[in-house]
Amino acid sequence: MKDINKHSSPKNITIGDIAKELGLSKTTISRAISGKGRIGAETRQRVHKYILEHNYRPNLVAKGLAQSKTYNIGVILPADANLTEIPFFQSCLMGICDAAASMDYDVLVTTVTDDDISLLQRLIDNQKVDGVVLTRSLVHDLPAQYLKEVGIPFVLIGTSEDEDIVQIDSNHEAGCCELTTLVLKSGCERVALLAGNQNHMVNRSRYRGYVKAFLDTGIEIDNNLVHLNLNNNILIQKAVNGILDNGADCILCSDDFICSKVLAHLEEMNIAIPDRVKVASFYNSNNLENHTPPITALNISIKELGVTAGKHLIKIISGETTSRKSLVNYEIVLKKSTS
DNA sequence: GTCAGTCAAAGTAAAGCGGA
DNA sequence: TCCGCTTTACTTTGACTGAC
């Protein structure tokens with residue numbers, strides 16, 4: 001028997017040490033700890049007494065080996081997230097980490113772009129994780145398609161038309177419809193929408209909510225006031241100029257990135273909010289909360305999205321059934337920008 | 001047949017060991 | 001010294017053994 005301590009740091013007590021000390025096999029110790037399999041009550045008590053006295057902690061690598069599990073979950077972030085999106089993904093990640101830690105899992109993070117999922121494939125090929133949380137939903141969702149093909153458990157933070165995918169989201173369509181209706185009923189007659197990339201499912205849901213509010217209130221949409229796929233500042237500024245020329249009295253922004261660019265452009269043009277034009281966002285953030293005047297926005301607990309996603313994923317990994325779609329509550333926070 | 005316990009195998013990095 | 005093979009570490013679990 002070689003001396004394994006010769007080249008290593010002080011080692012933790014193992015199941016083998018306990019077996020040797022108590023004159024039992026490693027199997028018997030394992031069964032006494034797990035409660036699975038037949039074992040005498042007195043033996044079980046002896047083992048439990050010993051592990052309590054010696055602060056035994058199972059080796060998760062070996063446990064994973066025996067169960068063909070890694071006790072890791074992967075979190076996939078978009079590599080092309082812009083600066084204003086980072087707080088969203090950070091809060092998601094914190095929620096996922098909390099959920100994972102509470103269920104004895106660790107988290108590995110990697111990134112994908114819309115058309116390059118090689119880092120996700122590497123994570124799966126190398127068997128680094130038992131399951132995956134996708135933090136962005138796309139219309140043509142390459143990561144989701146890939147994970148379905150290879151049969152790895154995963155959940156999606158967002159919405160998908162694929163009914164096989166477990167989805168964690170807020171009801172964006174209902175929230176945006178509610179906020180748009182509030183604005184329409186407050187007396188605004190020319191309510192514009194500036195929305196982002198329509199390849200992102202969330203932006204489609206927000207657009208549907210805007211349209212539904214007009215249908216419900218019986219007001220016709222003026223397409224001159226609707227601009228989609230605003231992916232950069234130049235497009236946003238052009239859109240703002242266009243809707244102001246078309247008499248917009250309220251600007252609804254599909255997210256805080258667009259909203260912050262709109263606010264900056266309005267300030268440059270010395271256009272007063274809310275006196276000349278009202279502004280609201282379908283997604284809230286610290287940037288908007290700290291703006292003068294404060295901006296009316298839809299509020300969602302992003303960390304709760306992450307916690308829910310993490311818990312659902314680990315349930316699926318453990319073989320438990322879970323609901324296909326979970327919705328996290330939203331609230332409309334009315335501020336001076338629409339008063 | 002039942003009960004209580006043991007054996008062996010799973011994956012893989014790192015260390016040990018023998019021969020060239 | 002280098003190369004390549006063997007052993008070890010770690011836990012779980014189905015199959016197996018021995019006593020009654």
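Within every chain, numbering begins at 1; the chains are lettered A, B, ... in the order of the sequence lines, protein sequences first and strands thereafter.
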Would you kindly give the [atom1]-to-[atom2] distance between [X] and [N], to the nearest whole Å?
X        : N      : atom1 : atom2 : result
A:Lys128 : B:dG11 : NZ    : C1'   : 14 Å
A:Ile15  : C:dC10 : CD1   : P     : 11 Å
A:Leu22  : B:dA4  : CG    : P     : 17 Å
A:Ile18  : C:dT11 : CD1   : P     : 8 Å
A:Ile29  : C:dT12 : CD1   : P     : 11 Å

Practice task
Would you state whether a donor and an acceptor, one from the side chain of A:Arg31 and one from the base of C:dT11, lie under 3.5 Å apart?
Solution key: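 Donor-acceptor pair under 3.5 Å: no.
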Exercise for the section: Return no unless some side-chain N or O of A:Thr43 is found under 4.0 Å from OP1 or OP2 of B:dG5. Expected result: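 For B:dG5, OP1 or OP2 has a side-chain N or O of A:Thr43 closer than 4.0 Å.
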Exercise for the section: Ignoring backbone atoms, establish whether A:Ser30 has a side-chain N or O less than 4.0 Å from OP1 or OP2 of C:dT11. Expected result: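 Looking at the OP1 and OP2 atoms of C:dT11, neither is under 4.0 Å from any side-chain N or O of A:Ser30.
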Practice task
Scan side-chain atoms only and decide if A:Ser118 and A:Asp116 contain a donor-acceptor pair under the 3.5 Å cut-off.
Solution key: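 Distance-only check passes for A:Ser118 and A:Asp116.
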Practice task
Considering non-hydrogen atoms only, spot the tightest contact between A:Gln198 and A:Arg204 and give its length.
Solution key: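 Of all heavy-atom pairs spanning A:Gln198 and A:Arg204, the closest is O-NE, 2.7 Å.
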Handout entry: Lys/Arg-Asp/Glu bridge criterion (N-O < 4.0 Å) met for A:Asp141, A:Lys148
Key =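 A:Lys148 and A:Asp141: not salt-bridged.
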Exercise for the section: Please assess A:Arg276 against A:Asp249 for the test salt bridge (Lys or Arg N to Asp or Glu O under 4.0 Å), listing each intermediate value before the final yes or no. Expected result: CA-CA 7 Å; A:Arg276 164 65 180 83; A:Asp249 56 6; over 6 Å; no
